[in-house]
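Here is the structure we will look at.
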Amino acid sequence: MPELPEVETTVRGLRPVLEGRRIASIEARRPDLRRALPVDLRQRMTGARVTGIRRRAKYGLIDTDRGDTMIFHLGMSGHWRIDPAELGAHDHLVIDTDEGRRVALNDARRFGSVDAVRTEAIEDWPAIKALGPEPLSPDFNVDTLCAKLAGRKAPIKAMLMDQRVVAGLGNIYVCEALNLARIAPARIAGRISRERLSRLVDAVRKVLTAAIDAGGSTLRDFKAPDGTLGDFPAQYRVYGREGDACPCGGTVKRRAESGRSTFYCPRCQR
Ligand SMILES: [Zn+2]
């Protein structure tokens, strides 16, 4: 599933094609993905100039000079294709620019979404309003994390996956960050020392930054908009590596819970 680094990679890939360009046409080739596409999407976006493309958690935001922002979520399998030679059955939304370039949102499983919101109201949009701080921003730090976790009896892994605690993290990068910070995933969140949480903040940043630098992960065939596959999985310390050696020399274990797998090293993660 695309996580924060994959969405960041996507946003960076779309920028050179869309930023500063006018949307000559936008075509929804089906009425819905996970939910209905906005009925006025074409009317709001056709002729608008793209003023910027950014990311908030796992959402991509395409801002226009009309004060409208198109918000996309990649769901499980979504990715944008740039200048596709031809359109396929899963290219559900197609944007052509005034420069004659084309991007297509391809989403075979259709768990993704597309919405249009007034740019000034983005932070009040329900799915974004509920989000915690961006993990790569200064708002995510040991003070804010301590405050969110104080008194919480849930395992630290569950708390990091909670988008209200920190935005955009999923299973892969949480497993990786906990290993790097040497914290056991089942550790009760509210009882972890400030010093160790400080290490965790650093670990989250390091893991995400390395993943973005590597162009994201290939899990579920994630592709960057230029069609290349990210090579971050080559750097996984524990994720998907049950039985392999942890960098500390211990053996990586896997625990299955509610349909997800937790990968960790019982030797160095306490
Ligand atoms: Zn280890």
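Order of listing sets the numbers, starting from 1, for every ligand and every atom in it. Since we're looking at a predicted model, the values are computed, not measured.
At a cut-off of 3.5 Å, with distance as the only test, no side-chain donor of T51 or D63 sits close to an acceptor on the other residue.
Using a cutoff of 4.0 Å between basic side-chain nitrogens and carboxylate oxygens, R22 and E99 are not scored as salt-bridged.
Annotation: salt bridge (Lys or Arg N to Asp or Glu O under 4.0 Å) contacts involving residues 135-153, sequence neighbours excluded, comprise D143-R194.
Sorted by chain and number, the protein atoms of type N, O or S within less than 2.8 Å of the Zn ion (ligand 1) are C246 SG, C248 SG, C265 SG, C268 SG.
In this structure, W125 shares a hydrophobic cluster with Y59, L61, I71, V117, I122, I128, L131, the cluster being traced through Ile, Leu, Val, Met, Phe, Trp and Tyr side chains under 4.5 angstrom apart.
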> Can you check side chain to side chain donor-acceptor pair (under 3.5 Å) on S261 and R254, steps first, answer last?
Replying inline: CA-CA 6 Å; S261 289; R254 180 175 78 94; 2.8 Å; yes
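Not a single ring-ring contact (aromatic ring centres under 6.0 Å, His included) links Y264 to another residue, sequence neighbours left out.
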